[in-house]
Asks: 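So that we are looking at the same thing, I have put the structure below in structure tokens.
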There are 2 protein chains.
Amino acid sequence: MPTAGSNRRTGEVSIKDVAHRAGVSIGTVSNALNRPDRVSADTRSRVRAVIDELGYVRSESARQLRSGDSRMVALLVLDIGNPFFVALSRGAERAAREHELGVMMCHSAQDPDAESLYLSMFAEQRVRGVLVTPADTTGSNLLAFRRHGIPYVFVDRVVDSDDACSVSVDDVAGGELAMRHLVEAGHERVAYISGPSHLAQCTDRLVGARRAVAATGLPPEALTVLETTRLDVASGRDAGARLLGLRPRPTAVFCANDLLALGLLQAMFDAGVRVPEDLALVGYDDIEFAEAAAVPLTSVRQPAERMGATAAELLLRETEGGREHEHESVIYPPELIVRRSTLPRRE
Amino acid sequence: MPTAGSNRRTGEVSIKDVAHRAGVSIGTVSNALNRPDRVSADTRSRVRAVIDELGYVRSESARQLRSGDSRMVALLVLDIGNPFFVALSRGAERAAREHELGVMMCHSAQDPDAESLYLSMFAEQRVRGVLVTPADTTGSNLLAFRRHGIPYVFVDRVVDSDDACSVSVDDVAGGELAMRHLVEAGHERVAYISGPSHLAQCTDRLVGARRAVAATGLPPEALTVLETTRLDVASGRDAGARLLGLRPRPTAVFCANDLLALGLLQAMFDAGVRVPEDLALVGYDDIEFAEAAAVPLTSVRQPAERMGATAAELLLRETEGGREHEHESVIYPPELIVRRSTLPRRE
DNA sequence: TCGCTTGAATGAAACGTTTCATTTCAATCG
DNA sequence: CGATTGAAATGAAACGTTTCATTCAAGCGA
């Protein structure tokens, strides 16, 4: 039972209780905890013992208030339901742990308002920094966040390097890679299933897709674009239904991510449309489940885990670099993984 | 530029700066923020204006230190790579948001040590409460955590209700459901692919499986148990390889979760073993990707999102209930979703 | 006009740490 | 033996809030 100096309201044990019980000053307890070398071995062990006995746990908020620095990094992603971001978070976490920092992961659900809400929360928490996949192309949320002086790194988004560091994959190149694979296989009516057009990923991949179509000499009308409201499996199913209504129906489809592609695949299966015979299909991200899909999915791979780790490292370098930090943009190349969903058509 | 009272070290704007600039006292600024009704409309708007002008953001750590209560709930799951837990977190988040609380999600990677580390972190942060899928059956981590007086709720784990609240699905029943489905279809050599045996989920489902085998009059040896070190796709592939080495080879397999089943499915595909013709396969959790798998997966469904929401609600009820709170155990029934991976065998 | 009430604002204490200048005390040196 | 050093411990200030008892001023009824 804590007695002297214990918090009457919560009944919690404070550093004061430990000091009193161990017969030393508060400062000594703090030192025993944070700079053990400044304290004699004797007192150190006595303090340790009392801490165990009383079940003392230091208050992180008091620590942070006084010392001014937080041990947390925030990771704000578009969608926690997308395994791509989960892989990314693993990388970030690993890198952060090496610097003894924790990662708190939140997801904006692709909603700019939710993003803004989370950013204010991060500011209130005075997090060490933020890794963010922005939910709006305007970037106004981040612009507003900037004044707080908390460093942030863009993830999965190419960005002007005056602004901040960034880690990304060249989405235009990725889109081109995917679509070229289709048109070079001889498809003349193709479709791109895009997520919300306010996401840069979606529009960039479209640019690449258009480029590939043009490069083959096909007219722009050869490419149909269907936009969905979300980047998930359910939206993929919806898009599939819409695709089935198109006349003439495209013979090949490129989806802005694997979740859409998996949903679309289900819709095709239900409608009796065979993949790849009747419809070739390419996804994006190469998540773990693309390979295990009903028809293993051709997909554009991004080094998700590495991206997360790199982002965290850039962030930490920035927090340590101080004034003379120079923003840096790391861009990884995308890679096409060909699987059964785009096997050569039988003529 | 903040002038009077601004923190010289960090250059941040504090409530003192706002007060000074607005020509009111600190307490008034605080009231304008937290109890707007106690402040005249006039001062209120003036304070608001100054806050915007100066870009003031209240310090969460100071707030928490003084007021003593945190606005955070922690969610500690076994594996963030498992879509089941992602769905669960969505439910928890939704419920927490209704009480204006944030959820911080961490994953123990099924490692009791990591679990213990995270728990201490939560204690230091003085989180409002913890939702936890325990990583060790002994429960010693949680027992140690108990002394901090922070309430916690077990998720996906049946537990003695003297201890804490819990939300779960009856895993023994689930295991029985899955295995009965197989043996009643006439399979006489079956296997159970278990995750680590220190996870209660894995052992409970085994108990159910054994019960189903016994109920059909088959000898216990009819059931082969393979244990894996992790509950993920890669481990499923490994288990698949081991399964292929068994003589005689089982004709039906029940996996402790869908990730294992998906991995095993890949291994079977690579080896030319047909599912369901040569091998029937049942998973657990019914994650979104089970339906989209190469062979759509029969699986035992758990109401993940609802479980998360219920857990959060139980937790909040406990924090509000105070002394007279009575622990509660909510147990949902599992549900078998039959798909192609266990279609009746052609005789 | 005087006391009373009420609404608004104030000032200071407290929350639990870290940090730093200061004190204490024993050991070492010339 | 007095002066000097160094290690160890101390005490108090500060961090940015919230909260609460207090003050202040204006409005009101008698």
Side-chain angles (χ1 to χ4, degrees), chain A residues 2 4-47 50-51 54-71 123-126 148, chain B residues 2 4-47 50-51 54-71 123-126 148:
Chain A
S6 84
N7 181 334
R8 271 153 251 76
R9 191 173 25 154
T10 62
E12 273 186 52
V13 182
S14 85
I15 200 175
K16 212 183 291 181
D17 302 303
V18 175
H20 186 262
R21 175 78 180 227
V24 297
S25 76
I26 290 180
T28 301
V29 177
S30 177
N31 278 333
L33 241 41
N34 303 313
R35 305 121 104 171
D37 49 306
R38 300 209 187 165
V39 151
S40 74
D42 185 34
T43 21
R44 201 187 317 150
S45 67
R46 190 151 33 95
V47 168
V50 172
I51 284 179
L54 260 40
Y56 164 74
V57 178
R58 95 151 131 244
S59 155
E60 173 63 21
S61 50
R63 205 211 107 258
Q64 180 173 329
L65 171 60
R66 170 59 227 218
S67 76
D69 87 324
S70 136
R71 308 213 63 76
E124 290 193 351
Q125 308 244 42
R126 307 287 195 270
H148 303 318
Chain B
S6 84
N7 182 331
R8 271 154 252 73
R9 192 174 22 155
T10 61
E12 273 187 52
V13 182
S14 84
I15 200 176
K16 213 182 291 181
D17 302 303
V18 176
H20 186 262
R21 176 78 180 225
V24 296
S25 75
I26 289 180
T28 301
V29 176
S30 177
N31 278 334
L33 242 41
N34 304 313
R35 305 121 103 172
D37 50 306
R38 299 208 188 168
V39 150
S40 75
D42 185 35
T43 21
R44 200 188 316 149
S45 67
R46 190 151 34 97
V47 168
V50 172
I51 285 179
L54 261 41
Y56 164 75
V57 178
R58 101 154 122 239
S59 157
E60 174 63 21
S61 50
R63 205 211 108 256
Q64 180 174 330
L65 171 60
R66 169 61 227 216
S67 77
D69 87 324
S70 133
R71 308 214 61 76
E124 289 193 352
Q125 308 244 40
R126 307 287 195 270
H148 302 318

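Throughout, protein chains are lettered first and strands after them, A, B, ... in sequence-line order, and every chain is numbered starting at 1. Worth saying up front: this structure is predicted, and the values here are computed from it rather than measured.
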Asks: To the nearest angstrom, how far is Asp69(A) atom CG from dG16(D) atom C1'?
Replies: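 Between C1' of dG16(D) and CG of Asp69(A): 16 Å.
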Asks: Does a side-chain N or O of Ser25(B) approach OP1 or OP2 of dT10(C) to a distance below 4.0 Å, or not?
Replies: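 Yes, Ser25(B) has a side-chain N/O under 4.0 Å of OP1/OP2 on dT10(C).
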Asks: Looking at five pairs on each end of the helix from dT1(C)-dA30(D) to dG30(C)-dC1(D), what is the angle between the two axes, given to 10 degrees?
Replies: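 The end axes of the helix from dT1(C)-dA30(D) to dG30(C)-dC1(D) are about 50° apart, to the nearest 10°.
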Asks: In chain order, what residues pass the side chain to side chain contact (heavy atoms under 4.5 Å, CB included) check against Asp42(A), with sequence neighbours excluded?
Replies: Ser40(A), Arg46(A)
Asks: Is there a side-chain contact between Ile51(A) and Leu33(A) (heavy atoms, below 4.5 Å)?
Replies: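 Heavy-atom side-chain distance check passes, below 4.5 Å.
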Asks: Check side chain to side chain contact (heavy atoms under 4.5 Å, CB included) between Thr28(B) and all other residues, then give those that pass, not counting sequence neighbours.
Replies: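 Scan of Thr28(B) (side chain to side chain contact (heavy atoms under 4.5 Å, CB included), adjacent residues dropped) gives Val24(B), Ser25(B), Val39(B).
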Asks: Any idea which of dT18(D), dT17(C), dC15(D) is nearest the Ser67(B) side chain?
Replies: dT18(D)
Asks: With sequence neighbours left out, write down each residue that passes side-chain hydrogen bond (donor to acceptor under 3.5 Å, both in side chains) with Ser45(A), or none if nothing qualifies.
Replies: none
Asks: Within this structure, what is the CG-to-P distance between Leu65(A) and dT19(C), rounded to whole angstrom?
Replies: 12 Å
Asks: In this structure, how many angstroms lie between the C1' atom of dT19(C) and the CZ atom of Arg58(A), rounded?
Replies: 14 Å
Asks: Quick one: Glu124(B) CD to dG16(C) C1', roughly how many Å, whole number?
Replies: 13 Å
Asks: Round to a whole Å and report the spacing from CZ of Arg126(B) to P of dT17(D).
Replies: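 Answer to the nearest Å: 20 Å.
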Asks: Using a heavy-atom distance cut-off of less than 4.0 Å, which residues of residues 29-46 of chain B contact DNA chain C?
Replies: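 Under 4.0 Å from DNA chain C: Val39(B), Ser40(B), Thr43(B).
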Asks: Could you state the CD1-C1' distance from Ile15(A) to dT18(C), rounded to the nearest angstrom?
Replies: 8 Å
Asks: Give the nucleotide from the list dG16(C), dT17(D), dT18(C) with an atom nearest to the side chain of Ile26(A).
Replies: dT18(C)
Asks: Just how far, in rounded Å, is C1' of dC15(D) from CZ of Arg63(A)?
Replies: 12 Å
Asks: Sorted by first residue and then second, give each salt bridge (Lys or Arg N to Asp or Glu O under 4.0 Å) pair with at least one member in residues 54-63 of chain A; sequence neighbours left out.
Replies: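 Only Glu60(A)-Arg63(A), Arg63(A)-Asp69(A) qualify under salt bridge (Lys or Arg N to Asp or Glu O under 4.0 Å).
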Asks: Output all residues satisfying side chain to side chain contact (heavy atoms under 4.5 Å, CB included) with Ile15(A), sequence neighbours left out; order by chain, then residue number.
Replies: Ile26(A), Val29(A), Ser30(A), Tyr56(A)
Asks: Partners of Ser70(A) by side-chain hydrogen bond (donor to acceptor under 3.5 Å, both in side chains), sequence neighbours excluded?
Replies: none
Asks: Would you tell me if any nitrogen or oxygen in the side chain of Arg66(A) comes within less than 4.0 Å of OP1 or OP2 on dA13(D)?
Replies: no
Asks: Checking Arg126(B) now: which residues fulfil side-chain hydrogen bond (donor to acceptor under 3.5 Å, both in side chains) with it, not counting sequence neighbours?
Replies: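 For Arg126(B) the side-chain hydrogen bond (donor to acceptor under 3.5 Å, both in side chains) partners, ignoring immediate neighbours, are Glu12(A).
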Asks: Between atom NE2 in His20(B) and atom P in dT10(C), what is the gap in whole Å?
Replies: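 Atom-to-atom, His20(B) to dT10(C), this comes out as 13 Å.
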Asks: Using a 4.0 Å heavy-atom cut-off, does Thr28(B) contact any base of the nucleic acid, only the sugar-phosphate backbone, or nothing at all?
Replies: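 Base contact.
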Asks: Counting distance only, does the side-chain N/O of Glu124(B) pair as donor-acceptor with the main-chain N or O of Ser61(A) below 3.5 Å?
Replies: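 No; judged by distance alone, with no hydrogens or angles, the pair does not exist.
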